[in-house]
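Just so we're on the same page: letters track the sequence lines, and every chain starts at 1.
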Amino acid sequence: MTTTPIKLSNPTAIENRPDALGRYGQFGGKYVPETLMPALFELEAAYQEYRKDPTFQAELNGLLKDYVGRPSPLYFAERLTEHYARPDGSGPQIYLKREDLNHTGAHKINNALAQALMAKRMGKKRVIAETGAGQHGVATATVCARFGLECIIYMGVHDMERQSLNVFRMRLMGAEVRGVSSGTGTLKDATSEAIRDWVTNVETTHYILGSVAGPHPYPMIVRDFHAIIGVEARQQCLEKWGGLPDILIACVGGGSNAMGLFHEFINEKSIRIIGVEAAGHGVETDKHAATLTKGRVGVLHGAMSYLLQDEQGQVIEPHSISAGLDYPGVGPEHSYLMDVGRAEYYAVTDQQALDAFQQLSQLEGIIPALETSHAIAYLATLCPQLPGSPRIVLNCSGRGDKDVLTVSKVLNI
Amino acid sequence: MPSSISQTFETLRDRAQCALIPFLTAGDPDLETTAEALRLLDQQGADMIELGVPYSDPLADGPVIQAAATRALAKGTTLDQVLAMVTQVAPTLRSPIILFTYYNPILNRGIEQFLQNLVAAGVKGLVVPDLPLEEADILLKPAEKAGIEVILLVAPTSPAERILAIAAKSQGFIYLVSTTGVTGVRDTMEDRVKVLIEQLRQVTDKPIGVGFGISQPEHARQVMEWGADGTIVGSAFVKRLSEGSPKEGLKALSEFCHTLKVAITPVS
């Protein structure tokens, strides 16, 4: 594709979401200790300034191109498409938005890079982040190395074990990885600990939150920094077939890669938008992370959204084979998009994701992240339901190198 | 029967006394021990008692109270059990009970229902650490109607105009967070607390209670001398209660409460 100027997002697609209080309908808001409130206002003001600042935009766009390797290709998955073709040759045409080809191997770098640039301009020399699968941690460690910022990553001890390769990568790049053993030692607990660090060191520290979750303005900022995924995809669809996609699919944990793809197309009412959650051992069991499918409205990590909670309002420990989806909450805008009927959300199990992990590896020579594998797995349910030959854009949000140990253990290979 | 938070502060002000406000996590090690601890604190000079409802994700709490909440939840402690215990104990105390809970359990129950349960249990005040000014309106109005005083927090990072707005809306007293950070034992009191108390005093007549990090009698006396109307001590109590057997824990808690009381009682 030609290198068109990269915009943060398409201004015509933004509408008034979120509102001035950071609300997406009833969702979102700022449910944090008072100590953090001034920092959130400061962050919002800084963001509003930088998004309009041509120097900031130029620096970000230059790095996205030369350092991250954008634009990421929109790839026609020919053999996967053949796999789902009907005998008459018709069937959905499947395209992969190759965020896995970005530097560090996932979409996470888009946001980490932009937030690090903000931190630098805000004069914050210390950066903290939470990570589940380690992809956001790696992206944050990467940009901190690039800009010479002190970097501390909070990661659940269970995740450190199942994503040990990423722990090594972060340490190699000079980040300090702090293991969090409270709860189940996963993403929820790492996020809580990162917020506690921020409450303590807020005056010197920028918190690079890695998903479209947390208190306002994070869901908005992270969405906007990933919106480039959808902006590029629109352009690439135009070049490939002169039109829009018919269906968008992405996996949803907190939901950053999904919002990155969806945002640009929310106002295109002809497009079906589908998010795929982690059903773990099954949504009928108590071992899953299918927040939108099974949750109730609650407040976690500063935002009102759907939440996996018990009848007492205590947050339930989720489960997913994919560390990046192993989270009991979800970004508030996803809750909103589901409630207003703009997006559909489904859940696939660990086993279905494992099957898809192997399927894409064998059909396309692309090893997807276990998170991404959930989106790919849903094709098996969706494709047989689709008449004609609609064009599907699936966000291939990350590569699966980090997951090979986990998968080889499960599959005994 | 204990009076309201505001009335308690008024009485103390007339006697030129600084309020001692201990904090406990309900259900650690069990609710029976919590009930006994409330009685002992009341006898040993507490003026109000803050009672923490254990929560799975206590964002504003440091390791001591986090661990206490985890233990209490592992025992199966629920909000209803905590309130049932308070219903029994509160009428026997001088000190009014301030419930400390994160917002999700309130939202889960429904604000109106939650407030009714608090009133029925004899709770007088409420602290919700993750409900800042911007989100608090939804709770403040019905709470006022129900007669539950909602105490808002001011932090060292709060700018002047926020301090003014929080002071205007806070009921009972203003909870001044002494340090940027989570709850927990600290070695020293930051000097800027003095400045914050003075700053608050200029904009409000409401009582000022200082908390977070106060763990020694010297800290309590220091904030009293800086002009605070109350001093809130949490982790230092929770830690003492959790060490050794419940009996040993209660003894240590009781002695510590007495020591603190002596430290902040003006010599007459």
Report task. Select one option (side chain, backbone, both, neither) describing which atoms of A:P38 are under 4.5 Å from chain B's heavy atoms. Result -> side chain
Query raised in the report: Between A:V315 and chain B, which part of the residue has a heavy atom less than 4.5 Å away: side chain, backbone, both or neither?
Result: both
Query raised in the report: Is chain A contacted by the side chain of B:L73, its backbone, both, or neither, given a heavy-atom distance below 4.5 Å?
Result: side chain
Query raised in the report: In terms of heavy-atom pairs under 4.5 Å, which option from B:S56, B:P54, B:P159 contacts chain A the most?
Result: B:S56
Requested in this report: Among B:L153, B:L59, B:T179, B:V182, single out the residue with the greatest number of heavy-atom pairs under 4.5 Å to chain A.
Outcome: B:L59
Query raised in the report: Short question: side chain of A:D159, backbone of A:A133 - any donor-acceptor pair under 3.5 Å?
Result: no
Query raised in the report: Should A:E130 and A:Y207 be marked as a side-chain contact (heavy atoms from CB on, under 4.5 Å) after you check the CA-CA gap, both sets of side-chain angles, and the distance that decides it?
Result: CA-CA 9 Å; A:E130 84 296 340; A:Y207 176 21; 2.8 Å; yes
Query raised in the report: Between B:K206 and B:F9, is NZ or CZ placed under 6.0 angstrom from the six-membered ring centre and within 45° of the ring axis?
Result: no
Query - B:Y175 and B:F173 aromatic ring geometry - parallel, tilted or perpendicular at 30°/60° bounds - result: parallel
Query raised in the report: Between A:R196, A:Q314, A:E317, which shows the greatest number of heavy-atom pairs under 4.5 Å with chain B?
Result: A:R196
Query raised in the report: Looking at B:D130, B:L107, B:L79, which one has more heavy-atom pairs under 4.5 Å with chain A than the rest?
Result: B:D130
Report summary line: Between the CG atom in B:L200 and the OG atom in B:S158, the distance rounded to the nearest 0.5 Å is 8.5 Å
Report summary line: Honestly, the part of A:I316 sitting under 4.5 Å from a heavy atom of chain B is neither
Query raised in the report: Which region of A:D197, side chain (C-beta onward) or backbone (N, CA, C, O), has a non-hydrogen atom less than 4.5 Å from a non-hydrogen atom of chain B, or is it both or neither?
Result: neither
Report task. Examine distances only and state if a side-chain atom of B:T204 and a backbone atom of B:R201 form a donor-acceptor pair shorter than 3.5 Å. Result -> no
**Report entry** Inter-residue atom distance B:F114.CZ - B:Y103.OH, 0.5 Å rounding
**Finding:** 10.5 Å
